[in-house]
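Notes for the one structure printed next.
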Amino acid sequence: MSGHLDGLVDMDCYPTPASVGQEHPLQQQGQRQPRRRREMQAITKIVETREYPYADGYFWKNNGNTVQKKTGNKSIYYKCSNSSKGCPVNKTVTWRSNGDYLIKYRGEHLPECNKVQRIIDV
């Protein structure tokens with residue numbers, strides 16, 4: 001079939017008749033590739049304080065927030081700023097109705113996490 005569009009359409013991008021019915025090897029066996037989820041770390045430390053923000057000597061990145069339906073208390077989730085380098089630590093700060101803050105830490109920091117010195121000059 002020769003026409004005025006010959007040479008304008010790249011035929012390499014279309015599947016060949018031999019490859020049309022082929023499936024991915026995992027689909028052939030009836031298996032799905034499992035989603036990898038990060039394991040939930042055990043709670044390693046709980047702090048109750050009125051000080052906010054609580055100065056623990058580490059740097060944190062905000063990882064989301066939520067409001068609990070039953071109590072209306074606000075929670076903010078943080079992860080260690082070295083999480084891109086493999087540090088698994090998370091912390092959750094929850095406001096309580098009496099003005100206290102409950103801070104839960106999960107996991108242990110890598111040795112490199114506290115090498116940056118924080119200077120507070122007030």
Side-chain angles (χ1 to χ4, degrees):
M1 182 172 147
S2 188
H4 66 280
L5 295 178
D6 284 349
L8 296 179
V9 178
D10 183 13
M11 296 305 288
D12 292 335
C13 68
Y14 293 103
T16 62
S19 66
V20 169
Q22 294 179 355
E23 295 177 334
H24 191 271
L26 286 178
Q27 291 174 341
Q28 288 175 352
Q29 299 168 0
Q31 298 174 353
R32 297 187 82 181
Q33 190 172 11
R35 280 180 74 181
R36 286 189 57 200
R37 293 184 61 164
R38 183 178 281 193
E39 270 187 33
M40 180 71 81
Q41 299 284 324
I43 296 175
T44 54
K45 182 166 82 168
I46 297 176
V47 177
E48 292 186 51
T49 182
R50 289 188 174 271
E51 178 186 344
Y52 185 79
Y54 180 71
D56 57 10
Y58 293 98
F59 292 103
W60 300 93
K61 293 191 280 190
N62 189 326
N63 199 27
N65 46 3
T66 187
V67 176
Q68 297 173 356
K69 289 182 181 179
K70 289 183 180 179
T71 62
N73 293 343
K74 182 180 177 184
S75 295
I76 299 181
Y77 303 97
Y78 296 94
K79 60 184 174 179
C80 180
S81 61
N82 272 348
S83 63
S84 61
K85 296 176 185 161
C87 184
V89 179
N90 296 312
K91 82 173 178 179
T92 304
V93 179
T94 304
W95 276 256
R96 291 189 161 171
S97 55
N98 63 359
D100 288 348
Y101 300 99
L102 179 68
I103 305 171
K104 293 180 187 175
Y105 292 88
R106 293 181 180 270
E108 296 291 332
H109 283 282
L110 296 175
E112 304 89 51
C113 291
N114 60 358
K115 297 222 179 196
V116 178
Q117 193 174 25
R118 177 178 280 181
I119 299 171
I120 300 173
D121 184 17
V122 181

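Hydrogens, waters and symmetry mates play no part in the numbers below; they use all other heavy atoms, side chains included. Model, not experiment: these values are computed from the prediction.
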Tyr105 side chain to Asn90 side chain, donor-acceptor N/O pair below 3.5 angstrom: no

Sequence-distant partners of Arg106, salt bridge (charged side-chain N to carboxylate O under 4.0 Å, His left out), two or more places apart: none

Euclidean distance, Phe59 CZ relative to Cys80 SG, rounded to 0.5 Å: 10.0 Å

Gap separating the OH atom of Tyr101 from the CH2 atom of Trp95, nearest 0.5 angstrom: 6.0 Å

Contact check, side chains of Ile103 and Thr49, non-hydrogen atoms, under 4.5 Å: yes

Salt bridge (charged side-chain N to carboxylate O under 4.0 Å, His left out) contacts in which one or both residues fall within residues 92-102, not counting sequence neighbours: Glu48-Arg96, Arg50-Asp100

Atom pair CG (Asn63) and NZ (Lys91), whose distance is rounded to the nearest 0.5 Å: 12.5 Å

Contacts of Tyr78 that satisfy ring-ring contact (aromatic ring centres under 6.0 Å, His included) - sequence neighbours left out: none

Value rounded to 0.5 Å, distance of OG in Ser81 from OH in Tyr58: 11.0 Å

Nearest non-hydrogen partners of Cys87 and His109, listed with the distance: SG-ND1, 3.5 Å

Gap between atom CG of Asn82 and atom CG of Leu110 - 0.5 Å precision: 7.0 Å

Euclidean distance, Glu112 CD relative to Lys85 NZ, rounded to 0.5 Å: 8.0 Å

Set of residues satisfying side chain to side chain contact (heavy atoms under 4.5 Å, CB included) with respect to Thr71, sequence neighbours excluded: Gln68, Asn73

Full working for side chain to side chain contact (heavy atoms under 4.5 Å, CB included) between Lys79 and Val89: CA-CA 6 Å; Lys79 60 184 174 179; Val89 179; over 6 Å; no

Connected hydrophobic set around Leu102, excluding itself, where side chains approach under 4.5 Å: Ile43, Ile46

Remaining members of hydrophobic cluster (4.5 Å side-chain criterion), Tyr77: none

Under 3.5 Å side-chain donor-acceptor pair for Ser75 and Thr94: yes

